[in-house]
Amino acid sequence: MRDQVSVYTNKLIADRSAHARGIAIAAQDDVLIAEGAPDLARLAGDVLSRLTCLGMVVACPSLPFADFLVARAPAGESCIVPRDTETRTFLHDIPFLRRSDLGADPAPLIARLLGSRKGVVVEGVGIVASGALTVEQAYINYSSVFHSTFVKYLQDVLHHGFILPGEAEAFAAFRSQWLRPLTDEGLAFRSGPLAERDEILDEIATVGRYTVERGLVDSFFGNISCRAGEVIYISQTAASLDSLAGCIDPVPTDNSSTFGITASSELLAHRRIYEATGAATILHGHPKFAVIMSMECAEEGCAITDCWKECDRVRFLGDTPVVAGEIGAGGLARRVPPAIAGPRKAVVYGHGVFTVGETDFADAFRAMVSVENWCRGEYFRRLEDRLG
C-alpha cells in the first residue's frame, strides 16, 4: 500500500496538478496509513476514518483556480457546476467549503460531503478526493476535479474578466510559468503501416505516454487505438494512458471475441470512425483549451439547453469541426464519424478531441497538438479583446 501511495504522489507531481510539498494520501490497509505533508496527512486520515472508502487524496492544487471559483461564488451557493463531460459523467457537481465553514475540525464536514460526491474543494486547503476501493480511484477523482475547475475558471474569466484582488497577477503567472509550449518535438513515432501485433502494442503504449506527458489528457482519460486488418487494438476502459502495457485489447471487427467487454467505452465510436475514414489509428484526448473553446458557442436565441447531447449543428474551431454527443454508445459514435471523415480531426462539445492517422500515429498526434494550440491561441485572443 505504501508503494501505491508513492506511485500516486509522484503522478500528482509529474502531471503538475499539485504542489510537490502539498500532497497527502491516506489508505486503509490492515491499519490506516496517512503519508505526505503533515497537516494534510492528518486531515486525510481523519476524513478517511469517517468513511467506508479505502483511499483518500488531499492536495494543494498547483493553480489557485478552485479557490478563486469558491471566492467568486455568490453567498448561499455551496457547489461548483462546470459543464464539461468529466464533471457531468463522473462528478455531477463539485461541493465546496469556504474558510468560514471549517471551524477547528473540518474533517466531519468534508466526510459528510464525500458521502455523496467523489471530490470536494476546501478553500485554503485544497482538493479532497476519495477512492471507494483504491488509492488509484482517489487520484482519478482528484484529477477530475482539477481538470473541471481549470476549465470552469478559464471559462468564467473569459465571460466575466477578473473580479478578485490578485486574480490578474495569478493568471499572468499561470500563463507565463505554468503553461508550457505544446509541440511534438523530441518524440519518435514508428512509421506505418503498423501490422505486427507486438509493434502495435508497443507503439500504442508509447503514444499513450506521449499524450499524458504533453498534457493532452489526464492519464486515466482518453483512449487510443490502431486497426490492423480485421482487428482493432484499443486501450482498455479506465486504463492509464501513460501505463498501457497489458491494458490493450485486440478486438476483432466481427465481434468474434469477448475482448470488447474490457475495451474502452468508446469502442463503438472507434469502429465507426474507422469505417468512415479508412484510417489506421485513432487518438482521443482531453486537451483543456479545446474543451473550453468547444463550449463557446455564439448562437443567440437557441432553445437547446442540453447542448452537449441535443445540438445537431456542426460548428468550427478554425478548420476543426465541433459536434455534440454523449460518450459511450451515445451520440458521439453517431456524430463524430461523418464530421471527422474529411478534416481527419474533430472536437466533441465539452469532452475532447479525436484525430486519425492514415498509417501510423504521427499525423494523429500532430493534429491534436495543432488543434489544442489553435484553441489556446483563440482563447487568449478573445480574452485580450474582452479585457481591452
Side-chain angles (χ1 to χ4, degrees), residues 182-217 219 221-236 239 241-242 244-245 247-253 263-264 266-287 290 316-323 325 332-333 335-348 351-375:
L182 178 57
T183 75
D184 65 340
E185 290 182 10
L187 304 180
F189 298 89
R190 272 191 172 91
S191 296
L194 304 172
E196 298 299 323
R197 178 182 182 277
D198 288 347
E199 73 171 356
I200 291 171
L201 295 178
D202 183 68
E203 185 69 351
I204 288 176
T206 297
V207 177
R209 188 178 72 253
Y210 290 165
T211 63
V212 176
E213 291 174 351
R214 295 297 162 104
L216 293 166
V217 69
S219 64
F221 299 96
N223 36 72
I224 182 171
S225 73
C226 176
R227 184 179 66 172
E230 300 304 314
V231 177
I232 297 173
Y233 294 85
I234 188 167
S235 54
Q236 292 179 356
L241 287 195
D242 54 355
L244 281 178
C247 298
I248 301 165
D249 286 344
V251 183
T253 56
S264 167
E266 304 296 359
L267 174 60
L268 179 59
H270 283 242
R271 284 183 189 274
R272 291 183 175 173
I273 290 170
Y274 284 127
E275 292 168 1
T277 64
T281 63
I282 297 172
L283 188 59
H284 171 48
H286 299 176
F316 283 85
L317 294 170
D319 60 354
T320 305
V322 181
V323 297
L332 187 155
R335 290 188 172 123
V336 171
I340 202 173
R344 322 306 272 179
K345 55 189 177 179
V347 181
V348 179
H351 182 51
V353 180
F354 283 85
T355 58
V356 301
E358 304 311 311
T359 62
D360 55 41
F361 284 103
D363 288 344
F365 193 92
R366 291 177 187 128
M368 188 170 293
V369 168
S370 176
V371 171
E372 177 68 354
N373 276 330
W374 189 94
C375 290

Test side-chain contact (heavy atoms from CB on, under 4.5 Å) applied to Phe354 and Leu332, step by step | CA-CA 11 Å; Phe354 283 85; Leu332 187 155; 3.8 Å; yes
Test item: [X] and [Y] side chains (from C-beta on) under 4.5 Å apart, heavy atoms:
X      : Y      : value
Ile282 : Glu266 : no
Trp374 : Thr320 : no
Val353 : Glu372 : no
Val251 : Arg271 : yes

Between [X] and [Y], which heavy-atom pair has the shortest distance, and what is it?
X      : Y      : answer
Ala239 : Cys247 : CB-CB, 3.9 Å
Ala341 : Ala276 : CB-O, 3.8 Å
Phe221 : Leu241 : O-CD1, 3.3 Å
Ala245 : Ala205 : N-CB, 4.5 Å
Ile200 : Ala228 : CD1-CB, 3.6 Å
Ile224 : Gly208 : CD1-N, 3.9 Å

Atom pair [atom1] ([X]) and [atom2] ([Y]), whose distance is rounded to the nearest 0.5 Å:
X      : Y      : atom1 : atom2 : result
Thr211 : Met368 : OG1   : CE    : 7.5 Å
Arg214 : Arg209 : CZ    : CZ    : 10.5 Å
Asp249 : Leu267 : CG    : CG    : 9.0 Å
Arg366 : Thr183 : CZ    : OG1   : 10.5 Å
Ile248 : Leu201 : CD1   : CG    : 5.0 Å
Thr277 : Arg272 : OG1   : CZ    : 14.0 Å

Hey, is the main chain of [Y] close enough, under 3.5 Å, to the side chain of [X] for a donor-acceptor pair?
X      : Y      : value
Arg227 : Ala279 : yes
Ser235 : Asn223 : no
Thr281 : Gly357 : yes
Thr253 : Glu230 : yes
Asp363 : Glu358 : no

After noting the C-alpha distance and the side-chain angles of Lys345 and Asp319, does the key distance pass the salt bridge (charged side-chain N to carboxylate O under 4.0 Å, His left out) rule?
-> CA-CA 9 Å; Lys345 55 189 177 179; Asp319 60 354; 2.9 Å; yes
Got a sec, which pairs hit side chain to side chain donor-acceptor pair (under 3.5 Å) with one end in residues 192-204, sequence neighbours left out?
-> Arg190-Asp202
Apply side chain to side chain donor-acceptor pair (under 3.5 Å) to Ser225 and Tyr274, showing your working.
-> CA-CA 10 Å; Ser225 73; Tyr274 284 127; 2.6 Å; yes
Ring pair (Phe, Tyr, Trp, His ring centres under 6.0 Å) between Tyr210 and Phe189: does it pass, once the steps are laid out?
-> CA-CA 10 Å; Tyr210 290 165; Phe189 298 89; 5.5 Å; yes
